[in-house]
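Right, one structure below, let's go through it.
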Amino acid sequence: MSRIGVFICHCGENISRTVDVERVAQQVGKMPGVAFSTDYKYMCSDPGQNLLKKAIQEQNLTHVVVAACSPRMHEKTFRKAVEAAGLNPFLCEMANIREHCSWVHENREEATVKATEIVGMMVERVKKNRVLPTITVPVTKRSLVIGGGIAGIQAALDIADCGHEVILVEREPSIGGHMAQLSETFPTLDCSQCIMTPKMVDVANHPNIKLYTYSEIELVEGYIGNFQVTIKKRARSVDEDKCTGCGVCMTKCPQKKIPNKFDQNIGMRTAIYIPFPQAVPNTPVIDRENCTMFKTGKCGVCQKVCGPGAVDFEQQDQLIIEAVGAIVVATGFDLYTIDEKPKGSLIKGYGEFGHGKIPDVIDGMTFERLASASGPTGGKILRPSDGKEPKQIVFIQCIGSRAREKGISYCSKVCCMYTAKHTMLYHHKVHDGQAYVFFMDARTPGKSYDEFWRRSIEEEEAVYIRGMVSRLYQKGDKIIVRGSDIAVGVQVEIEADMVVLATAIQPQKGADTLAQKLGISYDKYNFYSEAHAKLRPVECATAGIYLAGACQGPKDIPETVSQASAAAAKVMTLFSKDLLEREPIVARVKESGCVGCFACKKVCAYGAVEEKEIRDRQGNLIKTVAFVNPGVCAGCGTCQATCPSKSVELDGYTDEQIVAMIESL
Amino acid sequence: MHPEKQTHDFEPKIIAFVCTWCTYAGADLAGTSRMQYPANVRVLKFPCTGRIDPVFILKAFQQGADGVLVSGCHPGDCHYIAGNFHARRRFAAFRKLLEFVGVDLNRLQFSWVSAAEGGKWVEVVTDLTEKVRAMGPMTEFKELAMEEQWSGAINTPELKEAYSQI
């Protein structure tokens, strides 16, 4: 006979405001099998947990139900407490009467009835719970970092410095990401490349970091501590071991007019190229779409001039399999594509601002490349159309951000600050020029941020106009910008030489596809979701996968670096033990009932179902049955619902438990 | 202030079978965001929609549910790679069977609600509750359950007593 203890939490007032907790405790106390029922202000607090432990010992409880918040919040807490009192942790269940009841209903009577039913349901369930042993699995102490921007670099360096091997995978030919493209960084105006490139070199030289550039994640299998990752290393057409990085091939390549994506397509590159001079690795790659050799079969100049004979037109894409224990996702952001329809929007971009039609309307990143000393203009601010210095420049903020009708309702967080920085860079380079900024609000929280923004107005003479631009058109070689100054209530018209749009931050293209490969969740904008917005901001709900940087939401560099180091610390926590305890929610086969149809094997996405022969004492084969490898089983239970003879059971979610719950209602 | 709650003659019983990773988390989000929805729904958590046996749906109707909701991750977003695809295929066939048996399919709703879609959870639950409320109570299976009790179950006190005397 079970002696169940039921503990109803008030959660301060969060539950007791709408649910009559005393009545729930009283009603549930009358249920058969319930030996003890009480309510307490904060069950998760130390006194609350002690109350639970004391009751288990004094009342000889065999099962426990804690009615409080979501099990996603505190199931671990209470299972630990139950374990400390000498019970198997899986004999404790939580009834969610906060997120699923008190917070979503206002009527006290209805909420109390519902809460009683929810608790009753869990009481019936817990009666059928069985003692489950904890399963331990070995941890592979190697980690994968996806994305070689500042987030990925920081995480990789931190993990590698702790003595563990890191596999860093980057899609582009070089690591560095967007930070390598920036000219200067706010709020100190230090040169981005000066602080970025040493870190890139550290990555290249670190004995614990294995770098795969020009590579993508093809497939992720396994689970926390034991992932198997297939990496597709795209053909570079240059042998990385032989190449010395002398660069002769690039000087001799006859294809010289290919827009360079790194320079936002305003600078040109050759068909065999490195994206920028400080690229890591310093090994060129052949852009097969634009290479004459690949298009026509004639040329091969690079191969002829290459001293070490590194150019290899025959090179194929390679699939590499790596075993890792943890994965840090740091795929970063992309800028709002002005000429494309964003996800969830009915309206196509910001065509009305002439981007793509008027050559001197550029986005923020293009301005960074113009201002960068290593950029296509050598750091001079020049108009893309005629190469003249713009004397009047207009910056427009919130392009894409905070525009619900365009499908993006969030604030991109960094644009106010980078626009302030742009006005300064402009003023430093064009002394007689005038910068105007159209803005909605200036959002400058952060250390020394507001001071920086004020400086752009007070010392660097930028004129800030609160209001949005209504119209923008080309007139001669000028761009007429019309907008309203809502602070003064007048129409403004500026004859600008150049216009810079502060475009929104969006997740990288293909972020959703990668999330599906990893099995992690993402929001409607494709930003990856953290396990808990406040308390677990760098972990995914999927165990063993961590987040760093702007792939989780818009972030500036200091925040990205902090999060990357935090993710690395989480990986180190995982690697601090040789064995990892995992939930024993795995499927088991009842061999007596199994007829060996292997329908379960077909539906198992993890390949956890094996064939097992049952023999008699003489060694004659009686039958072949299914066997679930508990190390590989992820515990989804698809096999159980599929099994025609009901011979598979998922521990923790048995038919008995579920039917008991349904029958209680 | 919220508008005064309407009282109804009939409060339907809705049972929801949801997966832990997407819909349960989505329902949690609705709670954290203090969204409001009818209190008719009872949520049963499963690791994955792939674990949900069609028998549970029958069992729910038999236990007196007036409406059943099955909800999991969006196609392609399954935490267990493909569990929701198996569920989708299974329930596509099961719906036909249920219709054949004579159950109004408006009482059974399948949906995809992600962990970020608290609002959608509220919408789905509210819609189903209102729809089922308009349809009235589901009686067919309750009658069937009573018949079963009469025809052979031994858990009635009278029968128990009779058996004990044999």
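In the text below, chain A, chain B and the rest are named by the order of the sequence lines, each starting its count at 1.
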Residue, of [options], that accumulates the most heavy atom pairs under 4.5 Å with chain A:
options                             : result
B/Cys48, B/Pro47, B/Ala82           : B/Pro47
B/Trp121, B/Tyr24, B/Trp21          : B/Tyr24
B/Gly83, B/Ala87, B/Ala25, B/Cys73  : B/Ala25
B/Thr32, B/Thr49, B/Asn40, B/Val122 : B/Thr32

message = To the nearest 0.5 Å, what is the distance between CD1 on A/Ile658 and NZ on B/Lys45?
response =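 Answer for the CD1-NZ pair, A/Ile658 versus B/Lys45, is 11.0 Å.
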
task = May I have the step-by-step check of salt bridge (Lys or Arg N to Asp or Glu O under 4.0 Å) for B/Arg51 and A/Asp655, ending in yes or no?
result = CA-CA 10 Å; B/Arg51 168 68 189 90; A/Asp655 281 352; 2.8 Å; yes

Please look at [X] and chain B and tell me whether the side chain, the backbone, both or neither of the residue comes under 4.5 angstrom of a heavy atom of that chain.
X        : value
A/Tyr606 : side chain
A/Met121 : side chain
A/Asn14  : side chain
A/Leu665 : both
A/Ala515 : neither
A/Thr513 : neither

Side-chain donor/acceptor of [X] to backbone N/O of [Y], under 3.5 Å:
X        : Y        : result
B/Arg34  : A/Val104 : no
A/His105 : B/Tyr37  : yes
A/Lys524 : B/Glu117 : no

ask   = Does A/Trp103 reach the side chain of B/Asp28, with side-chain heavy atoms less than 4.5 Å apart?
value =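 They are not in contact (no side-chain heavy atoms under 4.5 Å apart), so the answer is no.
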
message = Counting C-beta onward and ignoring hydrogens, is there a side-chain heavy-atom pair between B/Gln36 and A/Asn107 closer than 4.5 Å?
response =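 The answer is no; the side chains never approach within 4.5 Å.
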
request  = Identify the two heavy atoms, one from A/Lys646 and one from B/Asp53, that lie closest to each other, and give their separation to 0.1 Å.
outcome  =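 Closest approach of A/Lys646 to B/Asp53: NZ-OD2, 2.8 Å.
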
request  = State, to 0.1 Å, how close A/Tyr653 and B/Phe46 come at their nearest heavy-atom pair, and which atoms those are.
outcome  =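 What the structure gives for the nearest pair is CE2-CA, 3.9 Å.
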
